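Working notes for the structure below.
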Amino acid sequence: MSAMDIIARRLAAPKNFKVVTWYEDGAVREHETETFGQADTHALGLRGKIGRELISHGDEIGHQPGDIVKIVSVEILPLGGMQS
């Protein structure tokens with residue numbers, strides 16, 4: 001199995017959790033993951049940034065490069081249709 005096959009399988013796997021990040025300006029970003037462990041690892045990195053002024057590199061939710069953004073909350077939520 002090639003690396004591209006492995007990546008394709010991971011991307012196609014069902015997502016069971018999402019990490020929701022809220023910004024001070026009202027913007028919201030969601031990151032879906034397969035497992036709670038993946039979600040927790042992603043959230044851990046974001047939680048360390050809560051309350052700090054950060055310089056944006058630009059993103060799909062409207063922040064432009066150089067904008068000052070502030071994360072106010074990070075939560076892990078289950079998605080519907082979780083598989084046991």
Side-chain angles (χ1 to χ4, degrees):
M1 181 177 290
S2 74
M4 293 305 291
D5 292 335
I6 293 170
I7 292 170
R9 281 184 59 189
R10 297 283 26 105
L11 291 174
K15 307 302 185 224
N16 296 311
F17 294 91
K18 67 180 174 181
V19 178
V20 183
T21 307
W22 285 272
Y23 292 85
E24 187 175 56
D25 64 1
V28 177
R29 174 181 281 156
E30 295 181 0
H31 175 77
E32 295 184 355
T33 66
E34 293 174 59
T35 68
F36 181 82
Q38 291 169 338
D40 193 46
T41 298
H42 186 77
L44 180 67
L46 293 170
R47 286 184 179 132
K49 299 174 184 178
I50 291 176
R52 297 175 56 199
E53 291 186 350
L54 307 168
I55 300 172
S56 176
H57 297 285
D59 56 37
E60 72 283 353
I61 58 175
H63 298 134
Q64 299 301 313
D67 285 353
I68 301 298
V69 299
K70 189 180 287 190
I71 295 173
V72 295
S73 179
V74 177
E75 291 187 33
I76 300 172
L77 302 173
L79 292 173
M82 285 181 30
Q83 297 177 347
S84 53

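Residues take their numbers from the sequence shown, with the count starting at 1. The structure presented is a predicted model; accordingly, all values stated were derived computationally and were not measured.
Taking OG1 of T35 as the start and NZ of K15 as the end, the distance is 10.0 Å to the nearest 0.5 Å. Here the NE2 atom belonging to H31 is positioned 10.5 Å from the CD1 atom belonging to I76, to the nearest 0.5 angstrom. Atom CZ of R10 is separated from atom CG of D5 by 12.5 Å, given to the nearest 0.5 angstrom.
In terms of the side-chain hydrogen bond (donor to acceptor under 3.5 Å, both in side chains) criterion, E24 has no residue partners (sequence neighbours excluded).
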Q: Step by step, work out the side chain to side chain contact (heavy atoms under 4.5 Å, CB included) result for I6 and R9.
A: CA-CA 5 Å; I6 293 170; R9 281 184 59 189; 5.8 Å; no
Q: Please lay out, stage by stage, how R29 and V74 fare under the test side chain to side chain contact (heavy atoms under 4.5 Å, CB included).
A: CA-CA 10 Å; R29 174 181 281 156; V74 177; over 6 Å; no
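With respect to V19, the side chain to side chain contact (heavy atoms under 4.5 Å, CB included) criterion is satisfied by exactly one of H42, E30, E75: H42.
Side-chain contact between I71 and Y23 is present, with heavy atoms from C-beta onward closer than 4.5 Å. In this structure the side chain of Q38 never reaches within 4.5 angstrom of the side chain of T41, judged on heavy atoms. Between R52 and K70 there is no side-chain heavy-atom pair separated by less than 4.5 Å. Counting heavy atoms from C-beta on, the side chains of H63 and D25 come closer than 4.5 Å. A heavy-atom distance below 4.5 Å is found between the side chains of I55 and I68. Looking only at side-chain heavy atoms (C-beta outward), I61 and V28 stay at 4.5 Å or farther from each other.
By the 30° and 60° cut-offs, the orientation of the rings of F36 relative to F17 is perpendicular.
By the rule that hydrophobic residues join a cluster once side-chain heavy atoms approach within less than 4.5 Å of another member, I50 and V69 end up as members of one cluster. A single hydrophobic cluster is not seen to contain both V20 and L79; linkage of ILVMFWY side chains at heavy-atom distances under 4.5 Å, directly or through other members, places them apart.
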